[in-house]
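We count ligands from 1, going down the list as the structure has it; atoms in each ligand are counted the same way. Numbers here are sequence positions counted from 1.
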Amino acid sequence: MKFFLDTANTEEIRRGVELGLVDGVTTNPSLIAKEGRDLEELALEICELVDGPVNLEVVSTDAVDMIHEARYLAGLHKNVYVKLPMIREGLKALHVVAQEGISVNVTLIFSPGQALLAAKNGAAIVSPFIGRLDDISQEGMGLISEILLMYENYDFGTEVLVASVRNPVHVVEAAKMGAEIATLPAKVLEQLMKHPLTDIGLEKFLADWNKRKTPA
Ligand code: E4P
């Protein structure tokens, strides 16, 4: 399973890369805006930090502008994957830019039908948002299993990226289902590492070691 970091914060990305666990990065307009930096400068810095897909989202909402924006973003760096929203205009843009060889991540997916259309039109990645479904009392993980099941019947070559991840259980469940990618907020990556018994165990080992009798 590939891990992407769901952040545009270069310090968080640097810390994740140091661990050797980061295969890519996802951003969205909210995450980019939070950093208060020039998009191009920030995107290039992230692309230099990560040896893998760096997902940058368009902010246009009509197909012609989306196509121009997708070409511009993809031209910034070889690592860029372009995120297009799962709307009618996004599908039209996807159809054009995927044929030009631009890797597209179709985002804001909330139903199996949406994931089917995106795959059929050439999406490299689809991003079902599980946390936002949980937020409205629909089980997000159910959507992941439905998409994976559906894709098994065909040869789309589209990877399922589990997005809107809120806790380590989401990641483990997605791994059990065989989702290709999960995108993690830095906090969830930290939480996955932690277990209180690990800390207690290590503390005890070191305390015993420090109390050892040294050979005469
Ligand atoms: C990533 O590609 C998505 O934009 C992100 O996971 C959304 O997460 P949120 O629902 O926590 O904002």
query = In ligand 1, which numbered atoms sit nearer than 4.0 Å to a non-hydrogen atom of A163?
reply =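 Those of ligand 1 that fall under 4.0 Å from A163 are 6 (O).
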
query = With atoms numbered from 1 as shown, which atoms in ligand 1 lie under 4.0 angstrom from a non-hydrogen atom of R132?
reply = 7 (C), 9 (P), 10 (O), 12 (O)

Starting from [atom], find the nearest protein heavy-atom neighbour and note its residue, name and distance.
{"atom": "atom 7 (C) of ligand 1", "result": "F129 CE2, 3.6 Å"}
{"atom": "atom 4 (O) of ligand 1", "result": "N28 ND2, 2.8 Å"}
{"atom": "atom 2 (O) of ligand 1", "result": "K83 NZ, 2.7 Å"}

inquiry  = Please determine whether any non-hydrogen atom of R166 lies less than 4.0 Å from an atom of ligand 1.
reply    =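 Checking ligand 1 against R166, which is what was asked, there is a heavy-atom contact under 4.0 Å.
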
ask   = Would you call D6 a ligand 1 contact, heavy-atom distance under 4.0 Å?
value = yes

At their closest point, which heavy atom of [X] faces which heavy atom of [Y], and how far apart are they?
{"X": "L192", "Y": "P168", "value": "CD2-CB, 3.7 Å"}
{"X": "E12", "Y": "L5", "value": "O-CD1, 3.5 Å"}
{"X": "V22", "Y": "G24", "value": "CG1-O, 3.2 Å"}

message = Tell me whether T27 has any N or O atom under 3.5 angstrom from an N or O of ligand 1.
response =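 Min N/O separation from ligand 1 is not below 3.5 Å for T27.
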
query = Would one find an N or O of T107, backbone or side chain, under 3.5 Å from an N or O of ligand 1?
reply = no

Sidechain-backbone polar pair: T7 side chain, N9 backbone, donor-acceptor under 3.5 Å =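 Answer holds: yes.
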
query = Any side-chain donor paired with an acceptor under 3.5 Å for S127 and T107?
reply = no

query = So, S164 and R166: side-chain donor and acceptor under 3.5 Å apart, yes or no?
reply =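 On atom types as modelled, these side chains qualify, holding a pair under 3.5 Å.
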
